[in-house]
Protein chains: 2
Amino acid sequence: MSRGVHRITMRDVAKEAGVALSTVSHFLNGTAPVSPKTQQKIIAAIERLHYRPDFTARNLKRRRTNALGLFVPDITNPFYAELARGVTDVARESGYSVILYATSYESELEEDFMELVEQHQVDGIVVSYSFLNEGLWRRLEESGIPAVLVDVYPVNDKWPSVVVDNERGIEKALSYLVSLGHTDIGYLSEPLYVLSLVKRQQAFLRFVRRKGLPLRDEWVLVEKAQKNRVEIGFTLGRRLLEAPRLPTAVVASSDLVALGALKAFLSEGVRVPEDMSIVGFDDVLLASYVHPSLTTVRQPKYEMGRTGVEYLLQFLQGRKEYPLLTLIEPILVVRDSCRERG
Amino acid sequence: MSRGVHRITMRDVAKEAGVALSTVSHFLNGTAPVSPKTQQKIIAAIERLHYRPDFTARNLKRRRTNALGLFVPDITNPFYAELARGVTDVARESGYSVILYATSYESELEEDFMELVEQHQVDGIVVSYSFLNEGLWRRLEESGIPAVLVDVYPVNDKWPSVVVDNERGIEKALSYLVSLGHTDIGYLSEPLYVLSLVKRQQAFLRFVRRKGLPLRDEWVLVEKAQKNRVEIGFTLGRRLLEAPRLPTAVVASSDLVALGALKAFLSEGVRVPEDMSIVGFDDVLLASYVHPSLTTVRQPKYEMGRTGVEYLLQFLQGRKEYPLLTLIEPILVVRDSCRERG
DNA sequence: TTGAAAGCGCTAACAT
DNA sequence: ATGTTAGCGCTTTCAA
């Protein structure tokens with residue numbers, strides 16, 4: 001397998017074309033004018049030899065890698081997958097590769113990732129996950145590698161952050177439920193491993209207090225273990241049903257949690273939305289394809305990924321025409337999982 | 001951002017430690033014995049200077065990139081996301097990065113991807129997608145970059161291929177339905193853009209003929225457009241319901257298609273499994289969390305990804321202890337979406 | 001418009 | 001056990 005096989009280099013092309021090595025380089029990069037005649041010779045030589053520039057060598061010289069890192073906890077979570085799509089699309093359009101780094105919520109793996117960064121394997125990085133190991137933020141900062149945060153609130157004053165207004169999202173969900181006559185509302189959440197999730201829960205509690213709605217401990221369930229999101233929703237949904245008195249509606253910390261809870265309710269004979277209304281968060285694709293389809297708070301995941309990389313590229317080009325905090329207005333998408341209180 | 005800032009190199013460390021450049025290198029790589037005393041000096045210097053080896057330089061010298069490419073059509077499809085998890089996990093364990101390349105089923109993007117490969121930006125590649133542009137297989141072959149195929153049948157005699165026995169899977173699904181008394185069975189499929197999907201459909205038709213089951217054109221629906229899989233299932237499900245006579249069961253080409261069809265049925269008042277049985281393919285996580293939970297043919301996606309990379313790494317290490325074709329036995333997972341014919 | 005030459009930071013002979 | 005040195009393939013002054 002091409003080990004040891006002579007690789008075609010620019011030197012070969014230069015020789016074949018009968019010009020200097022640097023002329024080939026200049027032509028390829030457009031860094032100096034090259035006469036049409038010479039151009040032809042070079043092109044012909046490249047064709048004949050099937051020459052392809054070697055990026056590693058180019059990168060060593062240019063002191064960059066042409067790669068961006070994408071740091072997410074779980075690529076099988078459609079929220080992060082959509083985000084990844086936005087990230088890879090913009091990166092590709094700009095000639096960058098994207099190195100995918102998913103931790104599965106394991107903090108030991110974060111260290112490995114930081115190695116990647118510190119060894120200059122990426123020019124910049126999109127962080128969509130709060131490090132569990134706090135010290136890593138400092139290491140990242142000290143590495144000097146440009147970073148952007150997506151779905152992560154600012155941690156310093158140099159890395160731009162793109163987040164949805166999580167509090168507003170929860171308020172919209174709750175206002176909607178209240179407008180349907182609901183007063184007894186529960187909240188089901190995955191682990192609060194990210195500030196966004198903390199804010200959602202806080203916004204829920206604040207709203208409930210402000211409106212003077214009844215609140216019981218058994219109605220606010222937060223999972224501790226880093227299990228699969230849908231499984232978490234299923235477990236919490238079941239647990240909720242054990243409460244001595246049930247709420248008439250629940251808000252979930254994410255769509256996956258909502259889908260799990262929906263399953264728990266339906267399989268226990270609790271009808272949705274007749275007996276229980278549900279609102280999710282994120283608006284993953286499947287939200288509109290479950291039955292009943294899920295009312296949810298939409299986050300523009302793909303766009304958030306795109307925006308993040310756009311900021312990062314601006315940074316790499318020395319332009320800084322972006323705000324430190326980009327707060328996106330979430331949209332309530334009304335579907336079939338909620339109904340007026342009976 | 002650290003542009004122009006002096007980067008700490010091995011030379012700096014050597015000077016700081018008062019030893020030769022190569023001694024530092026040898027120590028770091030374990031390529032020659034280094035006395036404890038010298039080791040201490042080097043370690044101290046590294047600490048003091050916050051030195052990190054530069055991978056680009058190392059890679060140029062070693063003529064490798066330490067990165068693997070992962071080529072999939074759609075990372076938001078949980079099948080590919082699970083696969084990606086397997087791929088990135090094994091790669092990480094072996095010190096490789098994974099460059100994610102998703103095409104969104106657009107064949108123009110395949111070209112970009114091939115550039116990546118030809119410019120030696122990856123040491124090897126996992127292909128989980130049949131190129132729409134046939135010529136690319138040849139280009140990949142000519143590039144000399146080691147490749148493995150996952151969920152793609154062999155295209156030559158050098159790249160190992162890891163696939164589930166798609167025919168067996170469909171046969172298991174159909175046998176199960178027949179055992180429940182079903183004779184009128186439909187088939188809903190996403191575009192046949194991959195041989196696996198062709199085989200599934202063929203297996204379906206073959207089985208139906210062999211068993212002498214009734215078959216109507218309106219029962220075998222294959223989408224042409226590259227839309228979202230769930231949407232495809234929803235559309236085909238609706239279309240199926242327009243047939244003058246309905247089958248009592250359907251097999252879907254994948255779980256996402258099955259979920260879409262399930263939604264179509266339920267929202268048209270067709271009960272599942274009472275009026276219609278459904279079997280999916282893949283066993284994505286959500287299959288067990290929809291209501292009713294989906295009976296499906298399981299593909300070990302994560303393991304397939306892992307196996308693929310393991311083969312690739314063997315190849316890169318000059319060992320070739322793997323078969324050209326690894327055919328995995330699919331498992332029928334019985335849940336709640338099928339019932340005996342009423 | 002073209003060419004010669006000096007590295008980018010590292011590995012790996014080879015010499016000591 | 002340690003040091004010297006020649007590149008890896010490319011970009012980029014600087015000269016011609």
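Residue numbers start from 1 in every chain, and the chains themselves are labelled A, B, ... in the order their sequence lines are given, proteins ahead of strands.
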Begin with the C-alpha distance, continue with both residues' side-chain angles, and end with the deciding distance and a verdict on salt bridge (Lys or Arg N to Asp or Glu O under 4.0 Å) for Glu303(A) and Arg85(A).
CA-CA 9 Å; Glu303(A) 289 76 11; Arg85(A) 231 166 45 80; over 6 Å; no
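- As a whole-Å value, the separation of Lys41(A) NZ from dT2(C) C1' is 10 Å.
- Side chain of Asp112(B) to main chain of Leu109(B): no donor-acceptor pair is present (N/O by atom type, distance under 3.5 Å, no hydrogens or angles).
- Close to dC8(C), at under 4.0 Å from its OP1 or OP2, lies no side-chain N or O of Arg63(A).
- Within a 6.0 Å radius of CZ in Arg48(B), more than 12 heavy atoms belonging to other residues, nucleotides or ligands are found.
- Counting any heavy atom pair closer than 4.0 Å across all strands shown, Thr38(A) reaches sugar-phosphate atoms only and no base atom.
- OP1 or OP2 of dT2(C) sits under 4.0 Å from a side-chain N or O of Ser35(A).
- Using a distance-only test at 3.5 Å, with no hydrogens or angles considered, no donor-acceptor pair links the side chain of Gln226(A) to the main chain of Tyr105(A).
- Between the CD1 atom of Ile42(A) and the C1' atom of dT1(C) there is a distance of 11 Å, rounded to whole Å.
- Checking dA12(C), dG9(C), dA4(C) against every side-chain atom of His26(B), the shortest atom distance belongs to dA12(C).
- Taking atom CG of residue Leu21(B) and atom P of nucleotide dT11(C), one finds them 9 Å apart after rounding to whole Å.
- Judged by closest nucleotide on DNA chain D, Pro36(B) is the one of Pro36(B) and Leu60(B) placed further toward the 5' end.
- The base of dA4(C) lies close enough to the side chain of Ser22(A) for a donor and an acceptor atom to sit less than 3.5 Å apart.
- With a cutoff of under 4.0 Å to any heavy atom of chain A, the contacted region of DNA chain D is bounded 5' to 3' by dG9(D) to dT13(D).
- Residue Leu49(B) contributes atom CG, which lies 14 Å from atom P of dG9(C) at whole-angstrom precision.
- The CZ atom of Arg11(B) sits 11 Å away from the C1' atom of dC8(C) (whole-angstrom rounding).
- Glu310(A) contributes no side-chain N or O that, together with a main-chain N or O of Val90(A), makes up a donor-acceptor pair within less than 3.5 Å.
- Distance Met10(A) CE to dA4(C) P: 13 Å, rounded to the nearest Å.
- Between the side chain of Lys61(A) and the base of dG7(C), a donor-acceptor pair under 3.5 Å is found.
- Look at CG on Leu28(B): it is 16 Å from P on dG9(C), rounded to the nearest Å.
- Put simply, the side chain of Asn29(A) never gets that close to the backbone of Thr31(A): no donor and acceptor are under 3.5 Å apart.
- The environment of Glu47(B) atom CD is sparse: at most 12 non-hydrogen atoms of other residues, nucleotides or ligands sit within 6.0 angstrom.
- Note: CG (Asn59(B)) to C1' (dG9(C)) measures 11 Å, nearest angstrom.
- Note on Phe27(A): nothing from the nucleic acid sits closer than 4.0 angstrom, heavy atoms only.
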